[in-house]
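Below, all heavy atoms of this structure are taken into account, side chains as well, without hydrogens, waters or symmetry copies. What you are looking at is a predicted structure, and each value in this text was computed from that prediction instead of being measured. Along the sequence shown, residues carry numbers from 1.
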Amino acid sequence: MSDAQTFWREEERALADTFLRDGYVVLPAESRADLDRLRDLLADVTASYLKLPFAEDKEAFLDRIHEKVDVQRLNDLRLAVIREMNEEPWTRLAYFNTARRALEVLVGNELAMQLRINLSIQLPNDDSSLLPVHADVWSGDSPYEVVLWVPYVHVHGTKTMYILPREQDAREQARMQELKLKSAEELFRAIEPELRWLDIPYGHVLLFTQNVMHGNVVNRESATRWSSN
């Protein structure tokens, strides 16, 4: 008797199984050329805004941007870069291309994508760019969305984001009422031992479900985080 047929390729099944088990996957960018083009655009727009020469090593330039701009000017820089990035006609397609096949495996090929790519810049020791622990569905986002989170530098330690894997998340969300927590900080402390701090080298992307809890903390590393979602 032959095995039952499946339309899944082995690597597609493995991707789906990991995503369903953990609530997230970290993958090599499917189009490194598109990712590099996006990163280089960010670096060049930033250099122009700050009246600096274009850098040869774009990743190092972004990593060290805190040496060129302070917290008081950071949001103005961020908004200027977002504006320039979204004025380019190719950026949304390039962003999609970093994980096109994985998204089609996990979600399907009839997709809606937000109109503007956003940007987070988190300087070392800056507490003005924090997202306390949350799940986006708590504020009304669709439970059927998948987030494509793209770092433009190597993120690790407190320079990255954290996520609560699906099994632990289900358990913690089920007992939130009995915990009687009064703040996001109390919630963070309650789940902190189970959090995963995602080490994502440049050249990789993160896909995750916003049904699970996630967030970030003050960046205590020596370099700046740049990321979009």
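- Expressed to the nearest 0.5 Å, how far CG of Asp44 lies from CZ of Phe54 amounts to 4.5 Å.
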Can I get a per-line list of side-chain donor-acceptor pairs under 3.5 Å for residues 97-107, giving both atom names and the distance, sequence neighbours left out?
unit_1	atom_1	unit_2	atom_2	d
Asn97	OD1	Arg100	NE	3.2
Asn97	OD1	Arg100	NH2	3.1
Asn97	ND2	Asp34	OD2	3.2
Asn97	ND2	Leu93	O	3.4
Thr98	OG1	Tyr95	O	2.6
Arg101	NH2	Glu11	OE2	3.3

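- The pair Glu192-Arg189 meets the salt-bridge criterion, with a side-chain N (NZ, NE, NH1 or NH2) lying under 4.0 Å from an Asp/Glu carboxylate O.
- For the pair Ile65 and Lys68, the minimum side-chain heavy-atom distance is below 4.5 Å.
- Considering OG1 of Thr158 and CD of Glu221, their distance stands at 3.5 Å, rounded to 0.5 Å.
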Evaluate side chain to side chain contact (heavy atoms under 4.5 Å, CB included) for Val146 paired with Phe19, printing each intermediate quantity in order. CA-CA 10 Å; Val146 168; Phe19 188 83; 4.0 Å; yes
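- The neighbour count for Glu10 CD, taken as heavy atoms of other residues, nucleotides or ligands under 6.0 Å away, does not exceed 12.
- Applying the side-chain hydrogen bond (donor to acceptor under 3.5 Å, both in side chains) definition to pairs two or more places apart or across chains, those involving residues 208-217 are Gln122-Asn216, His134-His214, Asp136-His214, Glu145-Gln210, Thr209-Asn211.
- Arg73 is linked by a salt bridge (charged side-chain N to carboxylate O under 4.0 Å, His left out) to nothing, counting only residues two or more places apart in sequence or in another chain.
- Every side chain to side chain contact (heavy atoms under 4.5 Å, CB included) that Ala80 has, sequence neighbours left out, goes to Tyr49, Arg83.
- For the atom pair Leu35 CG and Glu30 CD, the distance stands at 11.5 Å (nearest 0.5 Å).
- For Arg92, there are no salt bridge (charged side-chain N to carboxylate O under 4.0 Å, His left out) partners, not counting sequence neighbours.
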Output, in order, the C-alpha distance, side-chain angles, deciding distance and verdict of side chain to side chain contact (heavy atoms under 4.5 Å, CB included) for Thr91 and Leu38. CA-CA 7 Å; Thr91 52; Leu38 287 164; 4.0 Å; yes
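- Each of Leu195, Val217, Ile191 was checked for a side-chain contact (heavy atoms from CB on, under 4.5 Å) with Val133, and the lone residue meeting it is Ile191.
- For residues 146-171, every residue pair satisfying the salt bridge (Lys or Arg N to Asp or Glu O under 4.0 Å) rule, not counting sequence neighbours, is listed here: Asp63-Lys159, Arg171-Glu194.
- A distance of 8.5 Å separates CG in Asn229 from CG in Leu131, rounded to the nearest 0.5 Å.
- Using a 4.5 Å cut-off on side-chain heavy atoms (C-beta onward), Ile117 and Val150 make no contact.
- Between Thr224 and Ile121, some side-chain heavy-atom pair lies under the 4.5 Å cut-off.
- Looking at Met161 and Leu206, their side chains come closer than 4.5 Å, going by heavy atoms from C-beta outward.
- Within the 4.5 Å cutoff, the side chain of Asp126 has no heavy atoms near those of the His66 side chain.
- Side-chain atoms of Ile200 and Trp149, non-hydrogen and from C-beta on, do get closer than 4.5 Å to each other.
- Using a 4.5 Å heavy-atom cutoff, the side chains of Thr46 and Trp226 are in contact.
- The existence of a salt bridge linking Arg32 and Asp36 is confirmed by a sub-4.0 Å separation between a basic side-chain nitrogen and an acidic carboxylate oxygen.
- Exactly one of Leu119, Ile82, Val153 qualifies for a side-chain contact (heavy atoms from CB on, under 4.5 Å) with Leu42. That residue is Leu119.
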Which is it for Leu130 and Val218 under the side chain to side chain contact (heavy atoms under 4.5 Å, CB included) test, yes or no, and what are the steps along the way? CA-CA 7 Å; Leu130 300 183; Val218 175; 3.9 Å; yes
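- Tyr162 and Phe188 have tilted rings, their planes meeting at an angle from 30° to 60° on a 0 to 90° scale.
- When side chains are defined from C-beta on, Leu41 counts as touching Trp90, because their heavy atoms get closer than 4.5 Å.
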